[in-house]
**Q** 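Structure below; questions to follow.
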There are 2 protein chains.
Amino acid sequence: MNVSAKPERTRLSAEDWEDAALKLIADQGVGALAVEALARQLGVTKGSFYWHFRTREALLQAALERWEQYGEREVISQIEAMPDPRARLPELFRRVAHELAPHRVYAALLKALDHPQVVPVMARVSQRRMEFLTTIYREAGLPPAEALNRARLTYSAYVGFLQLNFTLGLPRISHEEFDAYVEHMIATLTPS
Amino acid sequence: MNVSAKPERTRLSAEDWEDAALKLIADQGVGALAVEALARQLGVTKGSFYWHFRTREALLQAALERWEQYGEREVISQIEAMPDPRARLPELFRRVAHELAPHRVYAALLKALDHPQVVPVMARVSQRRMEFLTTIYREAGLPPAEALNRARLTYSAYVGFLQLNFTLGLPRISHEEFDAYVEHMIATLTPS
DNA sequence: GACAATCCATACTCATCCGTATGGTTACTG
DNA sequence: CAGTAACCATACGGATGAGTATGGATTGTC
């Protein structure tokens, strides 16, 4: 009878605050990250917060670092484990397309590129992903220069799609239409 | 001797405020749009502002509408005027690529998709551009469904590139490299 | 079960920014 | 050159949210 919605109301740790912060960022953006609002959502008051963190900035910093670490390393390693290099690209595309949920934080941070704290984090994450993509394209047969440009194009398309269909709600694309779009992407961006 | 930086310090109109607002949005984002800051920048005080506008929201609204109207109609009409349909795509790509300045407001608004006021504006603008792109792809020979998907892909790449290389400063791409990237885009996204 | 460390609540201060009230100044019109 | 309308300055009120101070409650440890 007490598997309640409230997470058992035990005392909180710094990690609890960081997770809550990330959730709030994913839902309402970095700008909505206010300590009193977070405290209400966690069922406590500011007094708790300022015991765990020195300032609001410190929380944001910790949350960002946490997100960067807990990043999607699984995807990268799983893709790299595939034997056939040519099969990696389509698999990566379909994978990313079908689990957009983990990318909600990334999409939110994309809209917060004016905050000095998020820029370096996003730069590192985006850079790593871009390099991974470039490698895959080289392994798929593209010469270095072309692989880099194709990776730029592909990753830009990913970022743009997040903004247009995730954040902005451009004419709600249906499920079948979305699948068709993904296949179109694969056909267009995969080296023949 | 008096072609001064200060724009002659005559009295201000509502349009002056809207232009200043757009400039500030392009530079520092929608979140930085504060009336006292704007007033300082214009060399006046709040008293002036609240004569021209009822509220801060009203200014944002007016500025957005102004931006939407003064939009890049020239580009679209000029491209449509080209006789050879197949030549339109490359020309459009190169044009957009070489004058990124007018797209700074669009990039800034992209980061403000949580504000209820900007969503409808961005939806309309993006929708119009997407439809234009779709038409061009059809005229270039793609069947309707494929033209739509290709337009989605192309426009996503545009939006994503804005975010990655404009707002975020991913490893500052050189001028030559950028040109090569644009040509790669054309080669990849233009129907053979 | 006492005592210290950890965690949290309450009650403030302070800065910022939106909006209002009101009176002054500049430009236009007959 | 009046007088009116357009424009702006100054000085307020009120809301919001960050950060501080301090005492109380809870948890572990000898």
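Computed from heavy atoms alone, side chains included, the values below leave out hydrogens, waters and symmetry copies. In what follows, every chain begins at residue 1, and chains take the letters A, B, ... in the order their sequences are listed.
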**Q** Are the side chain of B:H52 and the backbone N or O of B:E15 linked by a donor-acceptor pair below 3.5 Å?
**A** no
**Q** What's touching nucleotides 3-6 of chain D from the protein side, N or O pairs under 3.5 Å?
**A**
unit_1	atom_1	unit_2	atom_2	d
D:dA6	N3	B:R11	NH2	3.3

**Q** Has A:R129 got its NZ or CZ under 6.0 Å from the middle of the six-membered ring of A:Y158, at an angle within 45 degrees of the ring axis?
**A** no
**Q** On the 0 to 90° scale, with breaks at 30° and 60°, tag the A:W17-A:F49 ring pair as parallel, tilted or perpendicular.
**A** perpendicular
**Q** Under a 3.5 Å cutoff, is there a donor and acceptor pairing between the side chains of A:E131 and A:Q127?
**A** yes
**Q** Do A:M82 and A:I136 share a hydrophobic cluster (ILVMFWY, side-chain heavy atoms under 4.5 Å, transitive)?
**A** yes
**Q** Would you tabulate the pairs of protein nitrogen or oxygen atoms and nucleotide nitrogen or oxygen atoms of nucleotides 17-21 of chain D closer than 3.5 angstrom?
**A**
unit_1	atom_1	unit_2	atom_2	d
D:dG19	OP1	A:T55	OG1	3.0
D:dG19	OP2	A:Y50	OH	3.3
D:dG19	OP2	A:T55	OG1	3.1
D:dG19	OP2	A:R56	N	2.9
D:dG19	N7	A:K46	NZ	2.9
D:dG19	O6	A:K46	NZ	2.1

**Q** Using a strict cut-off of less than 4.0 Å between a Lys/Arg side-chain nitrogen and an Asp/Glu carboxylate oxygen, indicate whether B:D16 and B:R11 qualify as a salt bridge.
**A** no
**Q** For D:dC8, take OP1 and OP2 only and decide whether either is under 4.0 Å from a side-chain N or O of B:H52.
**A** yes
**Q** Which label fits A:Y106 and A:Y155: parallel for a plane angle under 30°, tilted from 30 to 60°, or perpendicular past 60°?
**A** perpendicular
**Q** Between B:Y137 and B:T154, is any side-chain donor less than 3.5 angstrom from a side-chain acceptor?
**A** yes
**Q** Quick one: B:E15 CD to D:dC7 P, roughly how many Å, whole number?
**A** 10 Å
